[in-house]
Amino acid sequence: MTDSKHHRTDTRPGVSRRSFAQASAGVAGVGLLGSLLAACTKVSTPSDNKDSGNSDSKTLNVLSSSYGNVIPWTTQGYASQKFWANQFNVNLTQLDPGGDPGKQLSQIQDAAAKKWDLVVLNGIIQGNLSTAAQKFIDAGTPVISYLSDVALETKPVDGLLTTIEADHYQMGFDMTTKLCNALKGKGKIIETQGIAGGSNVIDRHRGFADAVKAFPDIEVLASDYGNFTTDKSQALWQSYVTKYPVIDGAFCQNEDMAFGAFNALKAANRQDKTLLTGVDGTVRGCQAVLNGQLFATVRHAASQIYAWPVIVGAMHVRKLVGEIPSKVIVNSPIVDKTNADSVIFLQGANVDLL
């Protein structure tokens, strides 16, 4: 967990210094990124790409696997990963399992027949890729886990370079605390979780549950899995609207599910009676905060979660960094109307920092 904040200012019209500073709390490591990029710019020049025996000049072949292009947030992450791979002279192969853990494992096993300089993995279900990750490591290929833990706590992967992820527990705790405070500590709320079995889902739920304990007059009506999709969440929420005459608030583990909840509430003409919160802080999500569809969200920085494994891994392979911590935590600022405009800017085209 971390609460470090890197405050920056901006003088552009429409973005206040305060909102930019709040958003920049999630850009921890941008200074490091700049220096790393400067160190790597030489690797992509024509003269350095000659056969000089300098390992820094080698184009690295990197394999990546995550959920796939199944929701806007992961699509943003894949695009950001590709963008930064190009800056660091990395030939990136991205597998797209379409959110299917069985297909993901099969794709990884097929890819293991090739030689890779680095492998970065996000298992859709925790532990599903542990054996595959261990085989890569045993064969001498560095492996980085990202977004969530690739291995079960009871069966760790030996030799994993690092895990790069947000503090999912803190996300759930902070967002739920903000929601309960907005309800003045009293009301009926619902949690909509993601895909069962992922460490990110488990930890966000733990954060939610622990936050609620501080508010004895908050009642949790339901906590079900919406699989991170709008359609599944909307179906759940259609049943909630029928079953529960009062729903004061909700914590949805991503914005796609929050939009599903909003659709169901709007169909029942109840969209103004429930404070909806989410996770991701996408451009669409931030705009929904600004227009009042969502009360607040958390920026789960796709640009960092997906790009940093490739950047850090490339620096490790090129021997340009020292020892890497076993876990690298990406900050996740809460997004409300005070900083949503800055969060939109920081994830924009040619910026891609948050």
Side-chain angles (χ1 to χ4, degrees), residues 67 70-75 99 171-196 198 200-201 204-205 207-209 211-300 334-338 340 343-344:
Y67 286 83
V70 291
I71 56 174
W73 186 84
T74 57
T75 298
M171 278 184 185
F173 186 90
D174 290 347
M175 191 73 272
T176 305
T177 299
K178 184 177 180 70
L179 172 64
C180 292
N181 281 328
L183 295 174
K184 302 187 185 307
K186 186 176 182 179
K188 303 175 186 295
I189 66 173
I190 286 174
E191 180 193 25
T192 305
Q193 300 188 53
I195 297 174
N200 53 336
V201 174
R204 289 180 200 181
H205 171 69
F208 167 84
V212 168
K213 291 175 183 176
F215 299 92
D217 292 326
I218 292 289
E219 179 185 355
V220 179
L221 298 174
S223 179
D224 298 303
Y225 295 102
N227 293 350
F228 287 133
T229 67
T230 298
D231 290 346
K232 174 66 173 176
S233 174
Q234 187 167 337
L236 284 173
W237 274 80
Q238 285 169 343
S239 69
Y240 298 153
V241 167
T242 301
K243 185 175 181 179
Y244 304 114
V246 175
I247 306 172
D248 297 300
F251 170 57
C252 300
Q253 288 194 0
N254 81 341
E255 288 164 0
D256 292 87
M257 296 189 297
F259 288 127
F262 178 83
N263 292 342
L265 289 165
K266 185 176 181 180
N269 198 29
R270 289 171 54 178
Q271 70 272 20
D272 297 327
K273 299 183 183 301
T274 303
L275 293 182
L276 293 174
T277 65
V279 171
D280 284 345
T282 61
V283 170
R284 183 187 179 198
C286 292
Q287 290 170 340
V289 169
L290 291 171
N291 67 31
Q293 290 182 337
L294 299 183
F295 168 63
T297 187
V298 178
R299 178 53 183 161
H300 190 200
I334 284 182
V335 182
D336 56 25
K337 288 185 177 181
T338 67
V343 175
I344 291 172

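V298 places none of its side-chain heavy atoms less than 4.5 Å from the side chain of V335. Contact check for V220 versus V212: side-chain heavy atoms found under the 4.5 Å cut-off. Between L236 and Y225 there is no side-chain heavy-atom pair separated by less than 4.5 Å. Annotation: side chain of V201 is in contact with side chain of F228 (closest heavy-atom distance under 4.5 Å).
Taking CG of D224 as the start and OG of S233 as the end, the distance is 10.0 Å to the nearest 0.5 Å. Atom-to-atom distance recorded for N181:CG and T177:OG1 is 6.5 Å, nearest 0.5 angstrom. Here K213 contributes atom NZ and T176 contributes atom OG1; the two are 12.5 Å apart, rounded to the nearest 0.5 Å. To the nearest 0.5 angstrom, I195 atom CD1 is 11.5 Å from K232 atom NZ. A distance of 5.0 Å separates NE2 of H205 from CD of Q193, quoted to the nearest 0.5 Å.
Counted by atom type alone, T282 and D280 present zero donor-acceptor pairs between their side chains at under 3.5 Å.
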> For N254 and I71, what are the C-alpha separation, side-chain angles and deciding distance, and is it a side-chain contact (heavy atoms from CB on, under 4.5 Å)?
Replying inline: CA-CA 10 Å; N254 81 341; I71 56 174; 3.7 Å; yes

> What do the steps show when you test D336 against K178 for salt bridge (Lys or Arg N to Asp or Glu O under 4.0 Å), and what is the final call?
Replying inline: CA-CA 10 Å; D336 56 25; K178 184 177 180 70; 3.2 Å; yes

>> What verdict does the side-chain contact (heavy atoms from CB on, under 4.5 Å) test give for M175 and T277, after you've listed the backbone C-alpha separation in whole Å, the side-chain angles of each residue and the deciding distance to 0.1 Å?
In response: CA-CA 7 Å; M175 191 73 272; T277 65; 3.7 Å; yes

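In this structure, the side chain of Q253 engages the main chain of G194 through a donor-acceptor pair within 3.5 Å. Side chain of E255 to main chain of G281: a donor-acceptor pair is present (N/O by atom type, distance under 3.5 Å, no hydrogens or angles). Of the possible donor and acceptor atoms, none in the side chain of T274 sits under 3.5 Å from a partner among the backbone N and O of Q271. In terms of modelled atom types and a separation under 3.5 Å, the side chain of T297 and the main chain of G278 share a donor-acceptor contact. With R204 contributing its side chain and G172 its backbone, the two residues share no donor-acceptor pair below 3.5 Å. Using modelled atom types, no side-chain atom of T192 and backbone atom of C252 make a donor-acceptor pair closer than 3.5 Å. Here the side chain of R270 pairs no donor or acceptor atom with the backbone of L265 at under 3.5 angstrom. A side-chain donor-acceptor contact under 3.5 Å links Y244 to the backbone of L221.
In terms of heavy atoms, I189 sits closest to C180 at CD1-SG, 4.4 Å. Of all heavy-atom pairs spanning M257 and N227, the tightest one is SD-N, 4.0 Å.
Between F251 and F208, the ring-plane angle classifies as parallel under the 30° and 60° cut-offs. Taking the six-membered ring where the residue is Trp, W237 and Y240 present perpendicular rings, their angle passing 60° and hence far from 30°.
A salt bridge does not link K273 to D248: none of the charged side-chain nitrogens sits closer than 4.0 Å to a carboxylate oxygen.
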Would you give me the side-chain donor-acceptor pairs under 3.5 Å for residues 284-296, sequence neighbours excluded?
from, atom 1, to, atom 2, distance (Å)
N291, OD1, Q293, N, 3.0
N291, ND2, Q287, O, 3.3

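Screening T230, T229, D231 against D256 for a side chain to side chain contact (heavy atoms under 4.5 Å, CB included) leaves a single residue, T230.
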